[in-house]
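Taking it in order: structure first as C-alpha cells, then the write-up.
Only heavy atoms go into these numbers, but all of them, side chains included; no hydrogens, no water, no symmetry mates. Remember, predicted model here, so these are calculated numbers, not experimental data.
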Amino acid sequence: SPMSTISTRSSASTTVSAVSSASNATRSTAHTSISSVVGGPGRRTRFKDITIDLTTEDAIAVKEVWKQTVGLSPSNPTAASSGSPANLFYNQFYENLFAARPDLEFMFPDINRQSAAIGGVFSAALAMLENIDALDQTLDRLGRRHAYVMGIEPEHFEVLEMALFQTLRDRMREKFTPQIELTWSKIFTYMASKMIAAGGYYDD
C-alpha cells in the first residue's frame, strides 16, 4: 500500500527535494546540501517559498533516532544537563563548527546558552514535522536576529550544515541511515532557507 505523506507547502511549487536534487555537493547517495540553494538564480524567491515533503514513516523514524541519540523526546525537550547525551551532541556540534571555521567562534560567546537555543529549535522542528510551517514565525525571528545582530551570512549556513551532519553521523553511527540523512537534509534545508529569507539578504 502507498505510504502516507506529510506535505507542507506554500504558494510556490518548488520543493526541498526538487531543490536538493540539483545539488552537486553530496556527501553520500542520500545527502544533499543547502549550497544547492545558496547562490542560485532567483535566490530570495526560492528561499522564501521552500517547502518540505516527508512521509509519515520518515517523520516517525527521524524523531525516534533523535530521541535515542540525544536522550530527549522532541515533544519534551527538557534542559540538557552537563554530560548528558544532548549536551555532548551540541558541544560536539560547536567543536565541529569552530574546527572548520575558527573565525565564527566570536559570534557564539556563550556556548551553553547557544546550545540550549539551537537544541530547542531542532526539537521544536521535529515535534512539528506534521505542521512545520507553524515554526515559520520562529524561524523568521531567528533569521532576522542572526542576520542583523550576529552578522550571519547565507554562506555560513553551509558550514553550519557541515558541522551538523558530521555530528549526526558521529553520534548516531549505524542509526544514521541514508533515509535518516535525507530526512535531516530536508529539515535543515527548510529551516535554513526560511531563516535566510527572513534576513533580507536578497531584497530587491
Side-chain angles (χ1 to χ4, degrees), residues 6 16-17 19-21 23-38 50 52-55 57-81 83-101 104-105 108 111-112 114-129 132 135 139 142 146 152 155-196:
I6 297 167
V16 170
S17 56
V19 172
S20 296
S21 66
S23 173
N24 292 321
T26 57
R27 296 183 183 84
S28 72
T29 56
H31 181 68
T32 52
S33 174
I34 189 66
S35 62
S36 64
V37 188
V38 174
I50 207 77
I52 186 169
D53 287 301
L54 298 174
T55 67
E57 288 79 1
D58 287 341
I60 291 172
V62 78
K63 290 179 184 183
E64 182 58 29
V65 173
W66 179 256
K67 181 178 179 179
Q68 294 172 9
T69 303
V70 304
L72 300 175
S73 170
S75 60
N76 186 29
T78 55
S81 60
S84 68
N87 181 260
L88 294 173
F89 181 93
Y90 296 122
N91 282 346
Q92 182 174 344
F93 168 76
Y94 283 104
E95 287 175 4
N96 290 336
L97 175 64
F98 299 147
R101 289 287 302 273
L104 298 183
E105 191 166 357
F108 306 97
I111 293 303
N112 289 331
Q114 188 65 28
S115 294
I118 196 171
V121 174
F122 284 148
S123 292
L126 292 175
M128 300 167 70
L129 280 181
I132 199 170
L135 193 63
L139 295 175
L142 288 173
H146 280 71
I152 296 292
E155 291 75 15
H156 292 147
F157 285 90
E158 296 180 46
V159 72
L160 287 168
E161 179 187 41
M162 179 279 298
L164 173 63
F165 277 83
Q166 183 178 345
T167 309
L168 289 169
R169 189 175 297 109
D170 290 346
R171 288 288 163 184
M172 294 183 175
R173 298 183 181 274
E174 71 278 358
K175 296 184 181 72
F176 195 58
T177 63
Q179 196 57 39
I180 293 294
E181 187 175 8
L182 179 59
T183 301
W184 265 108
S185 179
K186 292 179 179 181
I187 294 168
F188 182 87
T189 301
Y190 181 88
M191 296 174 67
S193 295
K194 294 295 183 179
M195 291 177 65
I196 291 169

First locate atom [atom1] of [X], then atom [atom2] of [Y], and finally report the distance between them rounded to the nearest 0.5 Å.
X    : Y    : atom1 : atom2 : value
Q92  : L164 : CD    : CG    : 11.0 Å
F176 : T69  : CZ    : OG1   : 10.0 Å
M162 : L97  : CE    : CG    : 7.0 Å
L168 : F188 : CG    : CZ    : 10.5 Å

Identify the heavy atoms of [X] and [Y] that sit nearest to each other, and give their distance.
X    : Y    : value
M172 : W184 : CE-NE1, 3.9 Å
A163 : N96  : O-ND2, 3.8 Å
I180 : K175 : CG1-O, 3.7 Å
F89  : T167 : O-CG2, 3.4 Å

Using the rule given for side-chain contact (heavy atoms from CB on, under 4.5 Å), can you reason through V70 versus R171, listing the C-alpha separation, both sets of side-chain angles and the distance that settles it, and then say yes or no?
CA-CA 9 Å; V70 304; R171 288 288 163 184; over 6 Å; no
The single option from L129, D58, T183 passing side-chain contact (heavy atoms from CB on, under 4.5 Å) against K63:
L129
Can you tell me how the ring of W66 sits relative to the ring of F122, calling it parallel under 30°, perpendicular over 60° and tilted otherwise?
perpendicular
Show your reasoning for whether side-chain contact (heavy atoms from CB on, under 4.5 Å) applies to L160 and L104.
CA-CA 10 Å; L160 287 168; L104 298 183; 5.9 Å; no
What verdict does the side-chain contact (heavy atoms from CB on, under 4.5 Å) test give for I118 and F93, after you've listed the backbone C-alpha separation in whole Å, the side-chain angles of each residue and the deciding distance to 0.1 Å?
CA-CA 10 Å; I118 196 171; F93 168 76; 3.7 Å; yes
Kindly say whether S185 contributes a backbone atom to a donor-acceptor pair with the side chain of T189 at under 3.5 angstrom?
yes
What pairs with N91 under side-chain contact (heavy atoms from CB on, under 4.5 Å), at least two apart in sequence or on another chain?
N87, I111, S115
